[in-house]
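One structure below.
If you're wondering where the values come from, they're calculated on a predicted model, not measured in any experiment.
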Amino acid sequence: MDLFSGQPNAPRTKPGAGTAPLAARMRPQSLNEIIGQKHILGEGKLLRRAIEADRFSSIILYGPPGCGKTTLAEVIAKTTNRRFERTSGVLANVAILRKILEAAGHWKKMNGQDTILFIDEIHRFNKSQQDVLLPYVESGDIILIGATTHNPFFFINNPLNSRSQIFQLQPLDEESIIEVLRRAISAPVGLNHLVTATDDGLAHLAAVCEGDARRALNALEIAALTTEPSDDGLVHLTRHEIEESVQKKAVMYDHDEDEHYDTISAFIKSVRGSDPNAAVYWLAKMLYAGEDPRFIARRLIILASEDIGNADPRGLTLAVSAMQAVDFIGMPEARITLSQCTTYLACAPKSNAAYLAVNQAIADVENGRTLPVPKYLQSGPKPDKGDVKYQYAHNGENHFVDQEYVPTDKIYYEPTNQGYEETIRKRIEHWNSLRKKK
């Protein structure tokens with residue numbers, strides 16, 4: 001069997017000659033062959049039940065590149081034995097759409113068979129193009145499967161969304177990518193055991209491809225086609241050859257062990273220590289190694305409250321906005337948002353007063369310092385609420401009244417003189433002076 005021709009005893013040909021790309025040859029042919037997406041395709045899940053029962057309406061598949069949207073559409077067509085037509089939001093105009101849709105309606109009348117119309121990059125259709133689909137979807141002449149990398153609630157009009165079920169596909173995790181690669185190495189339609197790859201090489205490839213199975217398979221094929229066979233006739237791929245194939249060198253970064261935790265620790269401590277240059281370096285290392293940008297964004301949100309707090313309340317707002325932006329736009333552009341948030345928080349005034357306050361209060365509660373709610377602060381009308389009446393703060397001068405809100409003299413929140421917290425500290429000192437005067 002030859003690596004490149006896929007035929008027994010065939011002479012070795014030039015790379016890429018006469019065969020479909022590895023990613024195309026390795027497309028799953030059934031639901032059981034699909035790797036990943038267990039949240040929608042696992043046993044008993046809605047989409048799997050609908051496909052197996054052949055009872056589903058139009059759907060929109062939303063997810064990043066290489067997660068299996070096109071593959072799933074083709075598997076659905078094969079599983080349900082429906083006619084399959086495909087087009088793209090890049091190529092099809094209204095005239096092409098009408099021709100496909102009218103042919104589907106005619107086919108159903110003549111043969112009684114429904115047509116699945118798969119539209120890749122459906123988000124690229126304008127409103128007029130999307131509106132053309134509506135009557136055919138409603139009449140059942142076609143079952144629409146749209147694929148998009150963009151949030152359909154923003155990029156697809158409401159009438160089409162309301163007539164479709166929306167399923168979000170996730171990037172494949174590294175274990176799933178490695179499983180895809182190993183299957184390609186061993187499959188007769190793939191590399192047919194004519195290639196070997198080291199575990200660390202496959203792990204590196206899975207990490208840098210960021211959940212994109214097609215990208216991983218393309219890189220594996222390039223590495224196989226550009227590496228000379230050894231004396232045993234096999235192509236042996238190490239991490240070096242794989243690094244060359246994806247033009248991205250491995251960095252020391254294990255995603256669930258010491259290097260992962262050490263790097264995020266250095267990142268957080270650099271921001272806390274007001275060193276934006278160091279913080280950006282550790283950020284770059286994590287992103288280059290394939291760290292989940294949402295993990296970084298979540299850590300920045302925690303830091304914005306724990307280490308900056310009320311010294312710059314805008315820090316938390318920016319961190320939350322960064323998390324939303326990262327989730328919305330994805331990589332690689334999300335690196336810019338993460339850098340902006342990182343450098344802002346690193347340069348912001350620092351205070352951990354809010355963090356210390358809640359920790360001390362929780363410690364008192366845990367240690368039995370549970371204080372009763374004063375009767376005049378309790379909710380609703382109750383008998384025997386005592387002689388002291390609740391005073392409505394807004395009725396007081398400058399919206400302040402001298403009133404005890406917790407029966408203890410212990411101070412939990414002690415604002416610093418950093419940033420906006422200095423203003424808060426002066427305000428609290430003023431209120432305390434009024435309490436002393438009275």
Side-chain angles (χ1 to χ4, degrees), residues 6 19-43 45-54 56-92 114-124 142-150 152 164-191 202 205-206 209-222 330:
T19 58
L22 179 61
R25 304 201 306 270
M26 290 306 301
R27 281 196 187 278
Q29 302 299 306
S30 68
L31 284 175
N32 290 332
E33 291 183 15
I34 294 178
I35 297 173
Q37 312 306 335
K38 297 298 184 184
H39 63 294
I40 57 173
L41 294 176
E43 290 296 333
K45 297 298 183 179
L46 173 62
L47 183 55
R48 187 183 188 98
R49 296 200 318 268
I51 295 169
E52 291 177 338
D54 195 7
F56 64 94
S57 58
S58 295
I59 61 176
I60 295 174
L61 303 174
Y62 159 44
C67 66
K69 300 184 293 294
T70 302
T71 293
L72 180 54
E74 293 179 352
V75 167
I76 289 173
K78 291 173 183 175
T79 303
T80 59
N81 195 30
R82 298 173 191 262
R83 179 172 174 264
F84 187 74
E85 288 283 346
R86 64 184 300 164
T87 186
S88 166
V90 177
L91 301 176
D114 292 331
T115 296
I116 289 178
L117 174 58
F118 174 65
I119 302 178
D120 197 12
E121 297 189 81
I122 192 173
H123 61 272
R124 292 183 179 271
I142 64 163
I143 294 174
L144 172 67
I145 301 181
T148 175
T149 57
H150 292 53
S164 308
Q165 289 182 297
I166 297 174
F167 294 94
Q168 184 172 4
L169 280 69
Q170 302 294 338
L172 272 66
D173 59 32
E174 291 180 21
E175 290 183 2
S176 296
I177 292 287
I178 291 173
E179 185 179 349
V180 168
L181 295 173
R182 292 193 186 282
R183 181 182 292 182
I185 289 172
S186 62
V189 296
L191 301 177
L202 293 180
L205 184 52
C209 288
E210 298 173 342
D212 187 333
R214 180 171 54 245
R215 182 181 170 194
L217 288 168
N218 289 342
L220 177 66
E221 185 174 33
I222 290 171

- Note on the structure: Residue set satisfying side-chain contact (heavy atoms from CB on, under 4.5 Å) with Leu91, at least two apart, ordered chain then number -> Ser88
- Item | Exercise: identify the closest heavy-atom pair between Gly68 and Leu169 | C-CD2, 4.0 Å
- Take Val180 and Leu217 through the side-chain contact (heavy atoms from CB on, under 4.5 Å) test and state the conclusion after the steps. CA-CA 8 Å; Val180 168; Leu217 288 168; 3.9 Å; yes
- Query: Name the one of Arg82, Glu85, Arg83 that satisfies side-chain hydrogen bond (donor to acceptor under 3.5 Å, both in side chains) with Thr115?
  - Reply: Arg83
- Side chains of Leu46 and Phe167: closer than 4.5 Å at any heavy-atom pair? yes
- Does any non-hydrogen side-chain atom of Ser57 lie less than 4.5 Å from one of Gln165? yes
- Message: Counting only heavy atoms from other residues, nucleotides and ligands, does the tally under 6.0 Å from CD of Glu33 exceed 12?
- Response: yes
- Query: Distance from Glu74 atom CD to Ser30 atom OG, nearest 0.5 Å?
  - Reply: 13.0 Å
- Taking the side chain as every heavy atom from C-beta outward, state whether Thr148 and Ile60 have any pair of such atoms under 4.5 Å apart. yes
- Note on the structure: In short, Ala77 meets Ile116 closest at the heavy-atom pair CA-CD1, 3.7 Å
- Item | Minimum-distance pair of heavy atoms, taken over all atoms of Phe84 and Ala73 | CE1-O, 3.8 Å
- Task: Take Ile51 and Val75 through the test side-chain contact (heavy atoms from CB on, under 4.5 Å) and record every step on the way to the result.
- Result: CA-CA 9 Å; Ile51 295 169; Val75 167; 5.9 Å; no
- To the nearest 0.5 Å, how far apart are CD in Glu52 and CD1 in Ile76? 11.5 Å
- Query: Which heavy-atom pair separates Leu172 from Ala213 by the least distance, and what is that distance?
  - Reply: CD2-CB, 4.1 Å
- Query: Should Ile145 and Leu72 be marked as a side-chain contact (heavy atoms from CB on, under 4.5 Å) after you check the CA-CA gap, both sets of side-chain angles, and the distance that decides it?
  - Reply: CA-CA 10 Å; Ile145 301 181; Leu72 180 54; over 6 Å; no
- Query: Would a 4.5 Å heavy-atom cut-off, applied to side chains only, mark Glu221 and Met26 as touching?
  - Reply: no
- Task: Would you confirm whether Arg124, through its side chain, and Val90, through its main-chain N or O, come within 3.5 Å as a donor-acceptor pair?
- Result: no
- Message: If you compare all heavy atoms of Lys38 against all heavy atoms of Lys45, which two are closest, and at what distance to 0.1 Å?
- Response: O-CG, 3.5 Å
- Query: Are Gln37 and Leu47 close enough, and set up right, to give a side-chain contact (heavy atoms from CB on, under 4.5 Å), and what steps lead you there?
  - Reply: CA-CA 11 Å; Gln37 312 306 335; Leu47 183 55; over 6 Å; no
- Message: Quick one, Asp212 and Pro64 - any side-chain contact, counting heavy atoms below 4.5 Å?
- Response: no
- Looking only at heavy atoms, what is the nearest atom pair of Arg48 and Leu41, with distance? NH1-O, 2.9 Å
- Query: How many angstroms lie between NE2 in His123 and OG1 in Thr149, if you round to the nearest 0.5 Å?
  - Reply: 4.5 Å
- Using atom types as modelled and distance alone, determine if a side-chain donor or acceptor of Lys69 lies under 3.5 Å from a backbone N or O of Gly63. yes
- Item | Nearest-0.5 Å distance that lies between atom CG in Leu202 and atom CG in Leu220 | 7.0 Å
- What is the distance from atom SG of Cys209 to atom CD1 of Ile178, rounded to the nearest 0.5 Å? 11.0 Å
- Note on the structure: Output for pair (Lys78 NZ, Thr80 OG1), nearest 0.5 Å, gives 11.5 Å
